[in-house]
Amino acid sequence: LTRRTLLATLKYPVAYSNFPQRSSKEEPRKCYYDSENDIMEWAFKIFPEDRELLKSVEQDVPKYRTFDASLIELADDISYAVHDIEDIIGRGIVDKDHFKKAIKKSFTPIRLTPIPTTS
């Protein structure tokens, strides 16, 4: 659990030294500090075949993240979107009933069929 939790909260699994040198005035890199290498190597020990892949960088940004970190990122995006919807309705920018109708119209109802049980 501890390793998975660390990897889940680590959005950018690439060390600072994996990036080319840049001027100090540029934006900070999306990475972890080299002083944290021991902790990160311990965390990645359960994923030896993925470790090199997770070190990949594309256009100065880490190319991959762990599955857990991806789920957290999606959950974060969803919560921000819901909060934005609450704001636009709460501030009266969009009428609540109009919004509900628009949402209902956008989704097609699905019919769920029960899974047959075998006895």
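- Annotation: side chain of Ile110 is in contact with side chain of Leu112 (closest heavy-atom distance under 4.5 Å).
- In this structure, Thr66 and Leu7 have side chains that are in contact, with non-hydrogen atoms separated by less than 4.5 Å.
- Using a 4.5 Å cut-off between side-chain heavy atoms of Ile, Leu, Val, Met, Phe, Trp and Tyr, with links allowed through other members, Phe67 and Ile72 fall into different hydrophobic clusters.
- Not counting sequence neighbours, the partners of Lys11 by the salt bridge (Lys or Arg N to Asp or Glu O under 4.0 Å) test are Glu73.
- In this structure, Arg91 CZ and Glu86 CD are separated by 12.0 Å, a value rounded to the nearest 0.5 Å.
- Taking the salt bridge (Lys or Arg N to Asp or Glu O under 4.0 Å) definition, one finds that Glu36 meets it with nothing, sequence neighbours left out.
- For the pair Tyr33 and Tyr16, the tightest heavy-atom approach, listed with the atom from each and the gap, is CA-CB, 4.4 Å.
- No chain of hydrophobic side-chain contacts below 4.5 Å, direct or via other Ile, Leu, Val, Met, Phe, Trp or Tyr residues, connects Leu6 to Tyr12.
- Residues Phe99 and Asp95 have side chains not in contact (no heavy-atom distance under 4.5 Å, counting atoms from C-beta outward).
- Residues Ile93 and Ile103 fall within the same hydrophobic cluster, defined by Ile, Leu, Val, Met, Phe, Trp and Tyr side chains chained together at heavy-atom separations under 4.5 Å.
- Lys63 is not listed as a side-chain neighbour of Leu54, based on a closest heavy-atom distance of 4.5 Å or more.
- Residues Leu74 and Tyr64 fall into different hydrophobic clusters, defined by Ile, Leu, Val, Met, Phe, Trp and Tyr side chains chained together at heavy-atom separations under 4.5 Å.
- You'll find the side chain of Phe44 stays beyond 4.5 Å of the side chain of Lys55, heavy atoms only.
- Following chains of ILVMFWY side-chain contacts shorter than 4.5 Å, one cannot reach Phe47 starting from Leu71, and the two form parts of different hydrophobic clusters.
- Of the possible donor and acceptor atoms, one in the side chain of Arg3 sits under 3.5 Å from a partner among the backbone N and O of Trp42.
- Asn37 contributes a side-chain N or O that, together with a main-chain N or O of Asp34, makes up a donor-acceptor pair within less than 3.5 Å.
- Proximity of a side-chain donor or acceptor of Asp68 to a complementary backbone N or O of Arg4 within less than 3.5 Å is not detected.
- Between Arg51 and Lys45 there is no side-chain heavy-atom pair separated by less than 4.5 Å.
- Contact annotation: the side chain of Met40 never approaches that of Pro13 to less than 4.5 Å [non-hydrogen atoms, C-beta and beyond].
- More than 12 heavy atoms of other shown residues, nucleotides or ligands fall within 6.0 angstrom of atom CD1 in Ile88.
- What you find for Val57 and Asn18 is that their closest heavy atoms are CG2-O, 4.4 Å.
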